[in-house]
2 protein chains.
Amino acid sequence: MKTKIISPACADKLKVLSDPTRLGVLETLMSGPKNVGELMDELDVEQSLLSHHLAILRDAGLVESTREGKTMIYQVPESVSDSTTGKAIHLGCCKISFD
Amino acid sequence: MKTKIISPACADKLKVLSDPTRLGVLETLMSGPKNVGELMDELDVEQSLLSHHLAILRDAGLVESTREGKTMIYQVPESVSDSTTGKAIHLGCCKISFD
DNA sequence: TTTTCATATGAATGAAATTTAATATGAACT
DNA sequence: AGTTCATATTAAATTTCATTCATATGAAAA
């Protein structure tokens with residue numbers, strides 16, 4: 001009886017999405033790039049808290065950021081957002097489709 | 001500027017899947033019903049710990065159990081597992097497809 | 001170069017989730 | 001009824017996570 005190797009890596013990626021703020025960030029960014037201030041306004045989250053969550057999303061490769069003057073623009077990488085259906089997130093191990 | 005209402009309910013459901021043991025249980029059960037002992041063997045998880053995780057999956061409606069003699073059979077409900085593609089989990093708010 | 005704006009980082013706290021250990025339940029067998 | 005097998009439950013210990021607060025960084029403006 002070989003012991004099945006479960007998928008901790010996939011669970012880790014799902015954990016990144018299993019938070020309302022981070023999920024909200026992704027949902028928001030799926031409609032296009034935004035800077036941190038815009039995300040704060042839209043999601044109604046404190047600056048520092050949002051920044052922490054953005055770091056977690058960035059570390060997981062689910063968002064990427066570029067500086068534009070004083071502000072930082074965040075967006076979902078092409079490889080992550082399904083541009084055809086528009087409403088899916090590719091985690092590598094699995095794909096999450098909304099609605 | 002209306003404040004966007006994020007989706008805590010969906011995050012909660014994703015949280016249930018964001019654990020290697022629970023994800024392993026679901027993956028295992030997607031190939032058919034199993035009793036707890038079989039899940040223990042396949043996933044190499046302690047009895048009590050597995051039971052806790054099964055309770056969380058049950059509370060979330062992602063698995064259901066029926067007694068058969070001394071053992072408990074666990075399975076993924078029809079409504080949750082996508083019977084057509086075979087490899088998807090429906091959470092209500094979103095759908096997770098594997099490989 | 002000092003100030004201001006936009007964002008990031010680190011430490012501290014508290015809450016929630018996971019894990020372990022011990023015990024309980026419920027069905028079948030003797 | 002008492003014992004055993006399979007699983008669940010409870011409580012306690014531990015770990016992880018989210019949040020807050022204070023401070024730092026980096027770019028532009030004065």
Side-chain angles (χ1 to χ4, degrees), chain A residues 1 3 6-29 33-76, chain B residues 1 3 6-26 28-29 33-76 91:
Chain A
M1 316 277 171
T3 296
I6 50 189
S7 41
C10 190
D12 282 351
K13 294 183 178 179
L14 287 170
K15 189 165 293 177
V16 174
L17 293 182
S18 68
D19 172 274
T21 300
R22 294 195 290 268
L23 199 53
V25 167
L26 270 180
E27 285 175 355
T28 302
L29 292 184
K34 301 236 177 332
N35 66 41
V36 178
E38 291 168 330
L39 288 171
M40 279 179 62
D41 290 346
E42 190 142 2
L43 298 171
D44 194 30
V45 180
E46 289 291 341
Q47 183 274 315
S48 172
L49 181 54
L50 178 55
S51 195
H52 282 298
H53 283 299
L54 286 172
I56 292 171
L57 286 167
R58 212 170 345 100
D59 290 350
L62 294 181
V63 303
E64 55 190 19
S65 59
T66 56
R67 182 173 281 278
E68 194 166 298
K70 281 199 245 182
T71 76
M72 292 294 268
I73 311 284
Y74 278 82
Q75 61 186 323
V76 182
Chain B
M1 316 270 174
T3 296
I6 50 188
S7 42
C10 190
D12 282 351
K13 293 183 179 181
L14 287 171
K15 188 166 294 175
V16 175
L17 292 183
S18 70
D19 172 275
T21 301
R22 293 195 291 268
L23 199 53
V25 166
L26 270 180
T28 302
L29 292 185
K34 302 237 179 329
N35 66 42
V36 178
E38 291 168 330
L39 288 171
M40 280 179 62
D41 290 346
E42 190 143 1
L43 299 171
D44 194 30
V45 180
E46 289 290 341
Q47 185 273 314
S48 172
L49 181 55
L50 178 55
S51 195
H52 282 298
H53 284 300
L54 286 171
I56 291 170
L57 287 167
R58 212 170 343 100
D59 289 351
L62 294 182
V63 302
E64 56 191 18
S65 60
T66 56
R67 182 173 280 279
E68 194 165 301
K70 279 197 245 185
T71 77
M72 292 295 268
I73 312 284
Y74 278 83
Q75 61 187 320
V76 182
L91 294 185

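Heavy atoms only: backbone and side chains are in, while hydrogens, waters and symmetry mates are out. Chain letters run A, B, ... following the sequence lines, proteins first and then strands; every chain starts at 1. No experiment lies behind these values; they were computed from the predicted model shown.
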Of all the choices, [options], which nucleotide is nearest to the side chain of [X] once you look at every atom?
X     : options               : answer
B:K70 : D:dA27, D:dC5, C:dA8  : D:dC5
A:I56 : D:dA18, C:dA8, D:dT7  : D:dA18
B:S51 : D:dT20, D:dA8, C:dT20 : D:dA8
B:R58 : C:dA8, D:dA8, C:dA27  : D:dA8
B:R67 : D:dT7, C:dT18, C:dA27 : C:dA27
B:H52 : D:dT9, D:dA28, D:dA18 : D:dT9

**Asked** Side chains of A:Q75 and A:L29: does their closest heavy-atom pair fall under 4.5 Å?
**Response**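 They are not in contact (no side-chain heavy atoms under 4.5 Å apart), so the answer is no.
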**Prompt:** Side-chain N or O of B:Y74 less than 4.0 angstrom from OP1 or OP2 on D:dA8?
**Reply:**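 The answer is yes; a side-chain N or O of B:Y74 sits under 4.0 Å from OP1 or OP2.
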**Request:** Compare side-chain N and O positions of A:H53 against OP1 and OP2 of D:dT19 and report whether any pair is under 4.0 Å apart.
**Result:**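 Looking at the OP1 and OP2 atoms of D:dT19, one of them is under 4.0 Å from a side-chain N or O of A:H53.
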**Message:** I need the minimum non-hydrogen distance between A:I73 and A:P33, along with the two atoms involved.
**Reply:**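 Scanning both residues, the minimum pair turns out to be CG2-CB, 3.8 Å.
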[X] has an atom [atom1]; how far is it from atom [atom2] of [N], in whole Å?
X     : N      : atom1 : atom2 : result
B:L17 : C:dA17 : CG    : P     : 15 Å
B:L49 : D:dA13 : CG    : P     : 18 Å
A:K15 : D:dT15 : NZ    : P     : 15 Å
B:E46 : D:dT9  : CD    : C1'   : 16 Å
A:E38 : C:dA6  : CD    : C1'   : 12 Å
B:N35 : D:dC5  : CG    : P     : 16 Å
B:L50 : C:dA21 : CG    : C1'   : 16 Å
A:M72 : D:dT25 : CE    : P     : 16 Å

**Asked** Counting only N and O atoms by type, is there a donor-acceptor contact under 3.5 Å from the side chain of A:T28 to the main-chain atoms of A:G24?
**Response**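 Yes.
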**Asked** Hey, is the side chain of A:S48 pairing donor to acceptor with the base of C:dT9 inside 3.5 Å?
**Response**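 Between C:dT9 and A:S48, which were checked side chain against base, a qualifying N/O pair under 3.5 Å is present.
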**Request:** Establish whether the base of D:dA8 is bridged to the side chain of B:Q47 by a donor-acceptor pair shorter than 3.5 Å.
**Result:**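 Result: at least one qualifying N/O pair found.
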**Message:** Using 0.5 Å steps for rounding, measure from the OH atom of A:Y74 to the CG atom of A:L39.
**Reply:**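 Between atom OH of A:Y74 and atom CG of A:L39 there are 9.0 Å.
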**Item:** Qualifying residue, where the test is side chain to side chain contact (heavy atoms under 4.5 Å, CB included) with A:R22 and the options are A:I56, A:L62, A:L17
**Value:**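 Going through A:I56, A:L62, A:L17 one by one, the side chain to side chain contact (heavy atoms under 4.5 Å, CB included) with A:R22 is satisfied by A:I56 alone.
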